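Just so it is clear, the model here is predicted, and its values are computed rather than measured.
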Amino acid sequence: MDRKSSTFLETEPVGRLMAKYAIPCVISLLVAALYNIVDQIFIANADYLGSYGNAANTVVFPLTVVALAIAVMIGDGCCAFVSISLGRRDKDAAQKSIGSAVLLCLAAGLVLMLLYLVFQAPILTLFGGRINDETFHHAQEYFFWITLGILFYMFGQALNPIIRSDGSPKFAMASTLAGAFANIILDPVFIFVFRWGMMGAAVATVLGQVLTAALAVWYLCHMKAVRLERSSFRFHGALAKRYLPLGICSFLSQISLVIAMAAIQNMTLKYSALDPIFGQAQYTQIPMAVLGIVMKFFQIVISIAVGLAAGCIPVVGYNIGAGHNERAGNFCPSAGGRGHCGRHCPVYRGAVSPAAHRYFWRGQ
C-alpha cells in the first residue's frame, strides 16, 4: 500500500471498505475464539479428561485473555498510529512505531511469561482453580505449556492489526486461519493418539500460535507501505506514548472480561459447593466446566462486534491522517448498522444449545 495505491482509502465507498477490512478482521477474531472451543471439544471427548479437563480449561482461559489484552493494546494502538501516519505521508513515524511496538510486545510477553511461571499456583487459585485436586492438577499442566507459548500468542495477536494497517487484511486473516487449522489437526493426534492429555491440548494450541507468529515475522520482512530496516527495531518512548493510548480501549474491553470471569468463576466455586449434588467432591468441577462452555460461545458474539470496529481502524486512521475527518466519521454509523447481532441471539441459542450439549458432554 504505497502512496499511489493508498488513495483508494480516501475515495472508495464506505461499505466496500467495511467489507474489505472488517470482514477479515471478524473472521480472524472468530478463529481466535475457536482455539479454546476446539481444545474444549476434544478435551471433553477424551474419557480420561472429561469434565475435569474442561473445568481446568475454563480456569486458564481468562489468563490467556490477559495476554490478549496487552497484545491488542499494543497492536491496535500501533495500527491506528501507523494508519494516521500513512495518511499524513509520514512513513518514518510509521516505520519507527512498528519496530518499537514489536520490541514492546516481545518484552511484555517475556515479563508475563515469567510472572505466570513464578506465581502459577496463586494465580490459578485466584481464578477458582482449587475446585478439587484433579482439576487443579489438570489446570497446572495446561497452564504451564500455554505459558511457554504465551510470547508467540501475544506476538501474533499484536502483529495482526499492524498487518491490516499495511493494507493486507486478508493476509492477517490467513495467518490466524493457518494457526487454527494446525491446532484442529494436532489436537486429536496429541489427545487421542499420543494420549498426552492437557499437555497435548496445550502443545497443539502453542504450535498453532507459533505458526501464526512465524507468518507475521515473514510479513514484517515483506511489508508494502513501510520498509523496515534493522535500525527500525529500537524502542522509542515518545512514540509509545502516542500509540499506546490509542489502544487503551481495546485493552479495557478485554481486561474487563477477565475481571468479570474471575468474579463469576469464584462465585461458581463458592455457591456450587452449597448444592447437595455439586457440593460432592467428584462433581464439584461440573459447574465450572459448564461455565467455560457458555463463555466460549459468548466469545463468538463478542468477536463479531469487536471485529467490525477493529477492522475499520486502518481506514478511519488513514482518513484522519489525510484530513478527511468527515469521511472518517461516516464509518461509525456504518459499523453500528452492521453490528446489531443481538437480534439474532434467539436463533443462535436455539441452534447452538443442542449441538453444544452433544459435543461438549458426549458420554458424560
Side-chain angles (χ1 to χ4, degrees), residues 23-51 53-58 60-61 63-65 67-68 71 138 141-143 145-157 159-160 163 170-216 218 289 292-304 307 348 351-352 354-364:
I23 291 177
C25 183
V26 170
I27 294 174
S28 295
L29 290 176
L30 288 174
V31 169
L34 185 66
Y35 269 103
N36 277 282
I37 293 176
V38 167
D39 275 358
Q40 200 137 17
I41 289 174
F42 287 118
I43 288 170
N45 286 275
D47 54 6
Y48 63 100
L49 295 174
S51 59
N54 262 348
N57 183 282
T58 301
V60 175
F61 177 60
L63 298 168
T64 64
V65 180
L68 177 62
H138 285 317
E141 182 180 3
Y142 187 73
F143 186 47
W145 292 100
I146 287 292
T147 298
L148 292 184
I150 207 77
L151 180 63
F152 300 103
Y153 175 60
M154 291 179 64
F155 185 82
Q157 292 301 313
L159 265 291
N160 199 273
I163 292 171
K170 290 182 179 178
F171 186 92
M173 176 185 69
S175 66
T176 308
L177 285 172
F181 286 142
N183 184 32
I184 292 171
I185 293 169
L186 294 174
D187 253 334
V189 175
F190 291 165
I191 294 175
F192 298 116
V193 179
F194 295 165
R195 295 184 71 84
W196 284 355
M198 299 301 292
M199 182 189 77
V203 170
T205 298
V206 169
L207 289 178
Q209 294 164 353
V210 169
L211 178 57
T212 298
L215 290 171
W218 181 89
I293 294 168
V294 174
M295 286 195 303
K296 301 303 166 40
F297 279 108
F298 182 62
Q299 282 292 107
I300 294 175
V301 180
I302 294 175
S303 298
I304 296 172
Y348 166 84
V352 166
H357 185 273
R358 286 197 301 272
Y359 286 109
F360 288 104
W361 297 100
R362 186 175 296 169
Q364 297 182 51

**Study point:** Gap separating the OG atom of S175 from the CG atom of L159, nearest 0.5 angstrom
**Key:** 8.5 Å
Practice item. Supply the atom-to-atom distance I163 CD1 to S28 OG, rounded to the nearest 0.5 angstrom. Key: 9.5 Å
**Study point:** Separation between CG of L29 and CE of M173, rounded to the nearest 0.5 Å
**Key:** 12.0 Å
Review point. Closest approach of M198 and A56, non-hydrogen atoms and distance?
Key: CE-CB, 4.1 Å
Exercise for review: For the residue pair W196 and F194, categorise the inter-ring angle as parallel (less than 30°), tilted (30 to 60°) or perpendicular (more than 60°).
Suggested key: tilted
Review point. Quick one: CG on L207 to OG1 on T212, what's the gap to the nearest 0.5 Å?
Key: 11.0 Å
Review point. Just wondering, more than 12 heavy atoms not from F171 lying within 6.0 Å of its CZ?
Key: yes
Check your understanding: Only one of T176, I300, I302 clears side-chain contact (heavy atoms from CB on, under 4.5 Å) with L30; which?
Key -> I300
**Study point:** Donor-acceptor contact present, side-chain E141 to main-chain M199, <3.5 Å
**Key:** yes
Exercise for review: Taking all non-hydrogen atoms of both residues into account, name the closest pair between I41 and N45 and its distance.
Suggested key: O-ND2, 2.7 Å
**Study point:** Interatomic spacing from CG in L186 to OG1 in T205 - rounded to 0.5 Å
**Key:** 9.5 Å
Revision key, fill the gap. Smallest heavy-atom separation, A289 atom then A55 atom, equals CB-N, 3.9 Å
**Study point:** Ring geometry between F42 and F192 (parallel below 30°, tilted from 30 to 60°, perpendicular above 60°)
**Key:** perpendicular
Check your understanding: Can you name the nearest heavy-atom pair linking I191 to A46, along with the distance?
Key -> CG2-CB, 3.7 Å
Practice item. State, yes or no, whether a side-chain contact exists between L211 and F181 at a heavy-atom distance under 4.5 Å. Key: no
Practice item. Identify the two heavy atoms, one from A71 and one from M154, that lie closest to each other, and give their separation to 0.1 Å. Key: CB-O, 3.5 Å
Revision key, fill the gap. Applying side chain to side chain contact (heavy atoms under 4.5 Å, CB included) to A202 and not counting sequence neighbours gives Y142, W145, I146
**Study point:** Closest heavy-atom pair and its distance - V26, G307
**Key:** CG2-C, 3.6 Å
Check your understanding: Are side-chain heavy atoms of I37 and Q299 found at a separation under 4.5 Å?
Key -> no
Review point. Side-chain contact, heavy-atom cut-off 4.5 Å: R195 with F190?
Key: no
Review point. Do D39 and N183 touch side chain to side chain, with heavy atoms closer than 4.5 Å?
Key: yes
**Study point:** Short side-chain to backbone donor-acceptor contact, N160 and A172, under 3.5 Å
**Key:** yes
Review point. Sequence neighbours excluded, which residues qualify as side chain to side chain contact (heavy atoms under 4.5 Å, CB included) partners of A214?
Key: none
**Study point:** OH on Y153 to CD on Q209, rounded to 0.5 Å
**Key:** 7.0 Å
